[in-house]
A.B. asks: 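Below are the structure tokens for one structure; questions will follow.
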Amino acid sequence: MKSSGNSWLTTIIVFVVGILLIVWHSRIDILNWLVILVGSMLVIPAIYSFIAAMMRKRKAGEEERGGGTGAPNSTIWTSIGAAALGLWMIFSPNFFVGLIAYIFGAILVLYGIYHIITISVWSRPYILPFWFYIIPILMILAGIVLLCTSVRTMNSVVVLITGIALVASSLNTVLETVAVNPTRRQEPDRESDKQITE
């Protein structure tokens, strides 16, 4: 049940992000804002991890007088690196804007492959119709287009394609979930149980 809840949460987040990208695709500075958002998402957890690691190290030092274990040190350096990268993205987003198209393209390709695996392997014993494969295949193709052609230089097109693909993917996920709902398989079992008891 927990994994199902996480799956629904992921689907909702993907849908909302897709809608936001579609709505704001024509803004000139949308990619700059995305870079700043990603940078903030790096900085905030990095600061939290840094503070937590410093507190653990200080506590271990007080208990053992010889310093803490090696784990907090690696966490501290990782946190510093993540925070530095995040701050760089926040204060100099133009440097990273060119990479966003590649990142979007890679996300579309990987998410499309993930959906194909979900449909073909993880939905067993159900065999879903062929049209469930259309959206993941289109996502992979859109990702390849973003990675391999000059369309990635057109910021609004990149954002619009990514937004449409994410919304379509989340809707496809909902349809997949409904199609493989266990209650559909349990109905005949209940009827056969009634026949046996009679």
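Computed from heavy atoms alone, side chains included, the values below leave out hydrogens, waters and symmetry copies. Please read all numbers here as calculations on a predicted model, not as lab measurements.
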A.B. asks: Can you hop from Ile161 to Ile19 via hydrophobic side chains spaced under 4.5 Å?
C.D. replies: yes
A.B. asks: May I ask whether Val16 and Ile164 are part of the same hydrophobic cluster, defined by side-chain heavy atoms of I, L, V, M, F, W, Y residues being less than 4.5 angstrom apart, directly or through others?
C.D. replies: yes
A.B. asks: Would you please test Leu108 and Leu146 for side chain to side chain contact (heavy atoms under 4.5 Å, CB included) and show each step?
C.D. replies: CA-CA 9 Å; Leu108 292 181; Leu146 292 182; 3.9 Å; yes
A.B. asks: What distance do Phe15 atom CZ and Leu166 atom CG have between them, rounded to the nearest 0.5 Å?
C.D. replies: 11.0 Å
A.B. asks: Please assess Ile103 against Val38 for the test side chain to side chain contact (heavy atoms under 4.5 Å, CB included), listing each intermediate value before the final yes or no.
C.D. replies: CA-CA 12 Å; Ile103 293 170; Val38 172; over 6 Å; no
A.B. asks: Can you get from Leu110 to Val14 by hopping between Ile, Leu, Val, Met, Phe, Trp and Tyr side chains that sit under 4.5 Å apart?
C.D. replies: no
A.B. asks: Under a 3.5 Å distance rule, please check whether Ser92 uses its side chain to pair with a backbone N or O of Met89 as donor and acceptor.
C.D. replies: no
A.B. asks: If you define the side chain from C-beta out and look only at heavy atoms, does anything of Asn94 sit under 4.5 Å from Asn32?
C.D. replies: yes
A.B. asks: Could you state whether Leu99 and Leu21 fall into the same hydrophobic cluster, counting links through intermediate Ile, Leu, Val, Met, Phe, Trp or Tyr residues with side-chain heavy atoms under 4.5 angstrom apart?
C.D. replies: yes
A.B. asks: Hey, is the main chain of Ile36 close enough, under 3.5 Å, to the side chain of Ser40 for a donor-acceptor pair?
C.D. replies: yes
A.B. asks: Got a second to check how far Ile90's CD1 is from Leu85's CG, nearest 0.5 Å?
C.D. replies: 10.0 Å
A.B. asks: Can you measure from CE (Met139) to CD1 (Ile134) and round to the nearest 0.5 angstrom?
C.D. replies: 14.5 Å
A.B. asks: Locate the shortest heavy-atom distance separating Ala53 from Ile76; write the atom from each residue and the value.
C.D. replies: CB-CG1, 3.6 Å
A.B. asks: If every non-hydrogen atom of Gly112 is compared with every non-hydrogen atom of Pro136, which pair is closest and at what distance?
C.D. replies: O-CB, 3.5 Å
A.B. asks: Return the minimal non-hydrogen interatomic distance between Tyr102 and Leu147, and the atom names on each side.
C.D. replies: O-CD2, 3.4 Å
A.B. asks: Could you state the interatomic distance from OG1 (Thr162) to CD1 (Ile22), rounded to the nearest 0.5 Å?
C.D. replies: 10.0 Å
A.B. asks: Any ring-ring contact (aromatic ring centres under 6.0 Å, His included) involving residues 78-98? Give me the pairs, sequence neighbours left out, ordered by first then second residue.
C.D. replies: Trp88-Phe95, Trp88-Phe96
A.B. asks: Below 30° counts as parallel, above 60° as perpendicular, anything between as tilted: where do the rings of Tyr111 and His115 land?
C.D. replies: perpendicular
A.B. asks: Is there a continuous path of hydrophobic side-chain contacts, each under 4.5 Å between heavy atoms, that joins Leu20 to Ile13?
C.D. replies: yes
A.B. asks: Quick one: pull up CZ in Arg56 and OG in Ser49 and give me the separation to the nearest 0.5 Å.
C.D. replies: 8.0 Å
A.B. asks: How far does OH of Tyr114 sit from CD1 of Ile140, to the nearest 0.5 angstrom?
C.D. replies: 14.0 Å
